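Below you'll find the structure, written out as structure tokens, and then a few comments.
All heavy atoms count here, side chains included; hydrogens, waters and symmetry mates do not. Just so you know, these numbers come straight off a predicted model, no measurement behind them.
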Amino acid sequence: MRSLCDCRVIKRDNMDCKEALAVCSDKNISIGITIWDLENGDRLLHIPTCSSPPHGLISLRNQYLVASQVQRTGSVSGGVIFSWPLSKHQATLRSYLLESTGPLSCTRDGTYLACGATSGNIYVWEVTSGRLLKNWSAHHTSICCMVLSSDDSFLISGSADGSIAVWSMIGLLAEGNCDCLTSIVSMSKDHTGAITGLLPASTNSSSNFISSSLDGTCKVWNMLSGNLIKTKAFPLPITAIVLDLLEEILFCGSENGAIFLNKFDAGLLNDPFSNPCGEQIVLNGHHVCIFCRKSITALTSCKAGLVSASDDCTVCLWDTVNYTIIRRFNHFKGPISNLVAISKSSLIPKNNQRTSQFRVCVLDKNSQPTNFAKETVKLLPSSSAQEEADAMLGCRSTNLLEKHILDLEFLVWPKLEEGFVILHGKKTSEGK
């Protein structure tokens with residue numbers, strides 16, 4: 001006979017296996033973030049204030065959602081990053097920055113957050129203290145996407161001019177390193193269009209990564225040497241890419257709504273895209289049109305399958321075995337710019353687990369002087385040390401919000417943004 005404790009563990013494990021999907025648009029801040037149950041299509045949660053650019057919404061340790069915000073064209077004010085704890089329904093944490101923000105990326109343990117700016121600058125913060133550790137000019141044009149390697153050792157950035165740079169995180173965070181350009185590992189300019197996706201391969205300790213571009217190609221690179229391994233050309237500009245969870249299939253979303261499937265093997269140095277059958281499989285579940293652009297705007301892989309979003313204001317959950325649509329979500333408020341799969345259990349309040357709750361602080365606008373005799377920066381904390389850091393580090397108070405009320409005219413904060421709108425098991429026309 002199972003004890004009550006055993007039943008609770010089993011129930012918790014079952015909940016951990018269930019997934020939810022967070023989506024947002026970049027068209028209007030009042031659209032906010034919608035979180036759907038991937039299993040039944042129910043709308044679980046709505047965060048009323050968010051408008052995030054592509055690659056601008058991430059999950060931090062499966063405990064927070066963090067999103068950079070789109071800046072109104074012509075505005076001279078700085079950027080802003082919003083943060084929300086998933087298990088606590090409380091007000092938005094806002095961090096006001098010096099310039100317009102774009103794509104985000106974080107380390108797996110949530111210790112560091114990186115943000116790319118429209119100016120080509122990159123910023124790196126320590127999340128639990130909010131301290132700005134490094135900022136530097138990384139590209140000549142706007143940064144389109146960023147990603148950290150599977151072991152968090154390298155930061156990969158891609159820009160609107162097609163250039164890709166690989167940076168050493170250890171070098172960037174080293175004490176006394178004032179010249180971030182010395183931390184660059186490789187730089188390439190082989191793409192002729194804006195970078196739309198970056199994917200590090202993690203299987204078999206591979207040091208390869210994949211890039212996609214509006215020039216209609218996907219390329220495989222060696223992260224350390226910067227050597228180009230292979231180029232795969234498509235008949236259309238590629239707008240989003242993702243690997244399946246086993247990293248055996250590369251899904252490439254295109255400008256007209258089609259999704260191309262390619263066999264992928266990071267261990268094949270000559271041709272990672274090798275396909276013995278020589279067949280090109282194409283998924284056409286979204287609105288496909290050769291006369292108007294209904295692009296694939298975002299792709300993500302999860303345990304339930306492949307998830308795709310399009311300019312046609314729909315999200316599709318695909319069975320990656322039979323290549324059929326399992327469920328379709330309608331987002332009538334506007335096209336979706338970001339998809340993030342999270343564990344459904346992360347939405348459960350954790351009022352009795354205060355010591356283990358990860359904390360996020362307001363992010364600094366400027367670098368603060370560091371007394372290296374008293375304070376050091378932990379480069380890549382191990383998972384065993386992270387629990388101790390969670391308990392020791394707390395949020396500091398700040399009055400930045402009062403000092404920096406920026407003139408983002410389109411950011412009309414509705415009163416609802418001070419809390420969450422929660423829908424428990426309610427099915428709506430937007431969710432199904």
Side-chain angles (χ1 to χ4, degrees), residues 16-23 36 38-39 54-55 57-59 62 105 108 145 147-151 156 196-213 217-221 223 229-230 232 234 236 238-254 257-269 271-286 296-310 314-329 336 338-344:
D16 287 339
C17 294
K18 296 183 179 180
E19 296 171 301
L21 182 70
V23 305
W36 283 308
L38 278 174
E39 184 177 18
H55 308 286
L57 176 68
I58 62 171
S59 171
N62 211 38
S105 186
R108 287 179 298 170
C145 50
V147 67
L148 282 148
S149 61
S150 57
D151 61 357
I156 312 169
T196 56
L198 294 168
L199 297 173
S202 60
T203 56
N204 301 321
S205 301
S206 174
S207 60
N208 298 339
F209 72 92
I210 310 168
S211 63
S212 65
S213 169
T217 66
C218 287
K219 297 179 184 290
V220 180
W221 309 83
M223 196 178 306
I229 298 174
K230 185 68 178 179
K232 175 73 173 180
F234 296 90
L236 295 164
I238 299 301
T239 54
I241 56 173
V242 74
L243 286 166
D244 71 326
L245 296 184
L246 297 177
E247 298 191 356
E248 295 177 349
I249 301 176
L250 176 66
F251 300 95
C252 305
S254 69
I259 302 174
F260 300 100
L261 274 69
N262 297 272
K263 294 289 184 179
F264 180 79
D265 188 345
L268 296 178
L269 298 182
D271 189 359
F273 297 113
S274 178
N275 189 347
C277 298
E279 299 178 358
Q280 178 69 75
I281 302 175
V282 182
L283 305 181
N284 288 313
H286 291 280
I296 298 297
T297 55
L299 294 171
T300 191
S301 290
C302 59
K303 297 174 184 176
L306 169 72
V307 185
S308 61
S310 167
T314 65
V315 175
C316 293
L317 173 62
W318 298 83
D319 180 341
T320 55
V321 176
N322 300 315
Y323 305 122
T324 57
I325 295 177
I326 301 173
R327 181 166 289 104
R328 187 186 299 272
F329 303 84
I336 291 171
N338 289 278
L339 298 170
V340 176
I342 60 176
S343 171
K344 193 175 176 182

Exercise. Between Ser310 (side chain) and Gly257 (backbone), is there a donor-acceptor pair under 3.5 Å?
Worked result: no
Problem set entry | Stepwise side chain to side chain contact (heavy atoms under 4.5 Å, CB included) test for Phe260 and Ile241 | CA-CA 9 Å; Phe260 300 100; Ile241 56 173; over 6 Å; no
For this session: Grab the two heavy atoms, one from Asn208 and one from Met223, that are nearest each other, plus how far apart they are.
Result: O-CE, 4.1 Å
For this session: Taking all heavy atoms of Leu199 and all of Val242, pick out the closest pair and write down the distance.
Result: CD1-CA, 3.6 Å
For this session: Please round to the nearest 0.5 Å and tell me the distance separating atom CG of Leu283 and atom OG of Ser308.
Result: 8.0 Å
Problem set entry | Expected output: side-chain Asn338 to main-chain His55 donor-acceptor under 3.5 Å | yes
For this session: Decide side chain to side chain contact (heavy atoms under 4.5 Å, CB included) for Thr314 and Phe329; before the verdict, give the C-alpha distance in whole Å, the side-chain angles of both, and the deciding distance to 0.1 Å.
Result: CA-CA 6 Å; Thr314 65; Phe329 303 84; over 6 Å; no
For this session: Determine yes or no for a side-chain-to-main-chain donor-acceptor pair under 3.5 angstrom, with Asp244 supplying the side chain and Thr320 the backbone.
Result: no
Exercise. Parallel, tilted or perpendicular: which fits the ring planes of Phe209 and Trp221, with parallel below 30° and perpendicular above 60°?
Worked result: parallel
Exercise. Could you give the distance from CG (Leu299) to CD1 (Ile259), rounded to the nearest 0.5 Å?
Worked result: 5.5 Å
For this session: Output yes when a side-chain donor or acceptor of Glu19 lies under 3.5 Å from a complementary backbone atom of Cys302, and no otherwise.
Result: no
Seminar exercise, completed: Nearest heavy-atom approach of Ser212 to Cys218 is CB-SG, 3.8 Å
Exercise. Looking at Lys232 and Asn262, what are the two nearest heavy atoms and their distance?
Worked result: CE-OD1, 3.2 Å
Exercise. Is there a donor-acceptor contact under 3.5 Å linking the side chains of Thr196 and Thr239?
Worked result: no
Seminar exercise, completed: CG of Leu306 to OH of Tyr323, rounded to nearest 0.5 Å, is 10.5 Å
Exercise. Between CD1 of Ile238 and CD1 of Ile296, what distance do you get to the nearest 0.5 Å?
Worked result: 10.0 Å
For this session: State the CD1-CG distance between Ile326 and Asp319, to the nearest 0.5 angstrom.
Result: 4.5 Å
Seminar exercise, completed: Heavy-atom closest pair (Asn62 atom, Ser343 atom, distance to 0.1 Å) is ND2-CB, 3.0 Å
Exercise. What heavy-atom pair brings Gly285 and Trp318 nearest, and what distance separates the two atoms?
Worked result: N-CH2, 3.2 Å
Seminar exercise, completed: Rounding to 0.5 Å, atoms CZ (Phe234) and SG (Cys252) come to a distance of 3.5 Å
Exercise. Between the side chain of Thr300 and the main-chain N/O of Val340, is any donor-acceptor distance below 3.5 Å?
Worked result: no
